[in-house]
Amino acid sequence: MSDRQPVSLTEDEIAAVRSWVLLEDPHVLVLNKPSGLSSQGGRIKAHTLDDLLWAFMRSNGKRPELVHRLDRDTSGVILAAKTKPAAGFLGKALQAKRFRKTYLALLSAAPEPAAGTVDKPLLRQEIGRESYMRAVTPDTPGAQAALSRYRTLAASEEGALVELEPATGRMHQLRVHMASIGRPLVGDVRYGGALTFAGKPAPRLMLHAAKLVFPHPEGGYRTVEAPVPEDFEALKAAAGLGA
């Protein structure tokens with residue numbers, strides 16, 4: 001676990017991060033991360049989710065550690081380990097692909113076919129101070145294998161609601177894979193997504209980590225779901241994509 005010094009948080013910050021708890025037990029902490037909050041690092045000086053985990057500091061001075069990350073503008077389920085043994089167990093489980101992550105996304109048009117798999121290696125590129133991923137051919141030096149599954153849940157003349165599952169965990173994977181088949185995610189400035197949807201402005205990347213199934217240190221699996229945020233729900237409703 002981290003030996004870094006505790007970060008000073010305001011009462012409002014502590015109340016906010018505590019309000020995001022979806023599941024907490026002696027081993028794990030699962031939160032519903034809001035869009036616009038970096039998981040870790042980043043150049044923005046505001047506190048990250050990693051910093052906010054000091055709100056859960058234990059009497060021994062340790063605090064939970066994130067097991068995986070979400071992009072800054074992605075909302076939804078994110079998992080942290082509360083003890084060093086739990087962190088080790090969950091880290092190995094993640095590497096062994098024992099996690100199942102399910103996302104919801106809005107697209108300007110339904111994919112064709114309506115369900116399928118995108119199996120395209122990704123290559124990381126640095127452009128200025130930004131990191132990007134690009135879908136490339138398998139023989140490209142430095143390319144990392146990446147596999148995503150998608151399924152259209154609802155479609156209208158305005159757009160589509162899709163369910164996405166990453167079988168691998170590359171940076172920006174779902175965003176790049178969907179853009180590579182001509183269906184970038186709504187609000188995804190970096191990868192060519194539309195900035196309006198159903199006649200309304202898209203305030204952010206319309207990607208939500210809706211469900212996480214993971215093995216628990218005490219045995220068995222846990223399933224945690226995060227409710228769809230209001231901004232996502234409003235655009236979905238505007239496009240007639242279900243209640």
Side-chain angles (χ1 to χ4, degrees), residues 16 20 32-39 42-44 46 48-49 69-78 101-118 120 122 124-136 146 148-166 170-211 225-243:
W20 304 335
N32 182 12
K33 186 187 85 66
S35 172
L37 177 66
S38 293
S39 296
R43 300 192 312 278
I44 298 171
T48 64
L49 180 59
R69 298 175 63 161
L70 291 176
D71 292 344
R72 185 171 69 89
D73 290 331
T74 303
S75 55
V77 183
I78 192 165
K101 303 172 185 177
T102 306
Y103 293 74
L104 295 174
L106 294 176
L107 308 179
S108 295
E112 297 175 1
T117 299
V118 183
K120 296 182 180 180
L122 299 177
R124 185 171 180 143
Q125 294 183 311
E126 306 296 328
I127 302 175
R129 296 172 66 185
E130 300 288 341
S131 295
Y132 291 78
M133 297 296 268
R134 187 162 61 92
V136 295
S148 305
R149 300 181 186 90
Y150 70 87
R151 183 166 67 100
T152 303
L153 300 179
S156 70
E157 290 184 1
E158 301 285 359
L161 172 70
V162 297
E163 180 182 271
L164 303 172
E165 280 195 14
R170 310 302 182 196
M171 183 182 86
H172 300 173
Q173 174 178 317
L174 296 175
R175 298 163 61 182
V176 177
H177 271 170
M178 295 311 291
S180 79
I181 62 168
R183 295 294 185 270
L185 275 51
V186 170
D188 193 351
V189 180
R190 184 168 297 200
Y191 297 109
L195 302 185
T196 58
F197 186 73
K200 296 180 179 294
R204 63 165 175 106
L205 169 70
M206 288 293 124
L207 182 61
H208 177 62
K211 184 165 74 170
E225 297 189 51
V228 175
E230 289 180 9
D231 57 358
F232 193 111
E233 198 65 60
L235 284 191
K236 189 178 116 191
L241 298 172

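- Looking only at distances, no side-chain donor or acceptor of K200 sits under 3.5 Å from a matching main-chain atom of A238.
- At least one donor-acceptor pair under 3.5 Å links the side chain of K33 to the backbone N or O of R72.
- Judged by distance alone, the side chain of Y191 and the main-chain N or O of M133 form a donor-acceptor pair under 3.5 Å.
- Side-chain contact between W20 and L37 is present, with at least one heavy-atom pair separated by less than 4.5 Å.
- Put simply, CE on M206 and NZ on K236 are 12.5 Å apart, with the number rounded to the nearest 0.5 Å.
- A side-chain contact (heavy atoms from CB on, under 4.5 Å) with S148 is found for exactly one of L174, T117, I181, namely L174.
- In this structure the side chain of L106 reaches within 4.5 angstrom of the side chain of L161, judged on heavy atoms.
- Here the closest heavy-atom approach between residue R204 and residue D231 is recorded as NE-OD2, 2.8 Å.
- Scored by the side-chain hydrogen bond (donor to acceptor under 3.5 Å, both in side chains) test, R149 finds no partners at all (sequence neighbours excluded).
- From L164, atom CG reaches atom NZ of K101 across 13.0 Å, with rounding to the nearest 0.5 Å.
- Between the side chain of R183 and the backbone N or O of A109 there is at least one donor-acceptor pair closer than 3.5 Å.
- Dense packing is recorded around CD of E126, with more than 12 heavy atoms of other residues, nucleotides or ligands lying under 6.0 Å away.
- A tilted orientation is assigned to the rings of F232 and H208, their planes being inclined by 30° to 60°.
- Interatomic distance, OH of Y103 versus CD of E163, reported as 12.5 Å (0.5 Å rounding).
- Pairing each heavy atom of A194 with each of S108, the nearest pair is CB-OG, 3.4 Å.
- Side-chain atoms of H172 never come within 3.5 Å of backbone atoms of Y132 as a donor-acceptor pair (strictly under, hydrogens ignored).
- Shown here for S35 and S75, the closest heavy-atom pair between the two residues is N-CB, 3.9 Å.
- When all heavy atoms of M171 and L122 are compared, the closest pair comes out as O-CD1, 4.4 Å.
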Determine, step by step, whether D71 and R175 satisfy the side-chain contact (heavy atoms from CB on, under 4.5 Å) criterion, reporting the C-alpha distance in whole Å, the side-chain angles of both residues, the deciding distance to 0.1 Å, and the verdict. CA-CA 10 Å; D71 292 344; R175 298 163 61 182; 2.9 Å; yes

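- Checked by atom type and distance alone, the side chain of S39 pairs as donor or acceptor with a backbone atom of L70 at under 3.5 Å.
- Scanning all heavy atoms of the two residues, the minimum distance from A202 to L235 falls at CA-CD1, 4.0 Å.
- For T152, the side-chain hydrogen bond (donor to acceptor under 3.5 Å, both in side chains) test picks out no residue, with sequence neighbours left out.
- Heavy-atom minimum distance, A160 versus L241: C-CD1, 3.7 Å.
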Between T74 and L205, is a side-chain contact (heavy atoms from CB on, under 4.5 Å) present by the stated rule, with each step listed? CA-CA 7 Å; T74 303; L205 169 70; 3.5 Å; yes

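- From S131, atom OG reaches atom CZ of R190 across 7.5 Å, with rounding to the nearest 0.5 Å.
- Between D73 and L207, the closest side-chain pair of non-hydrogen atoms is not below 4.5 Å.
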Test side-chain contact (heavy atoms from CB on, under 4.5 Å) on L107 and Y150 and set out the steps. CA-CA 12 Å; L107 308 179; Y150 70 87; over 6 Å; no

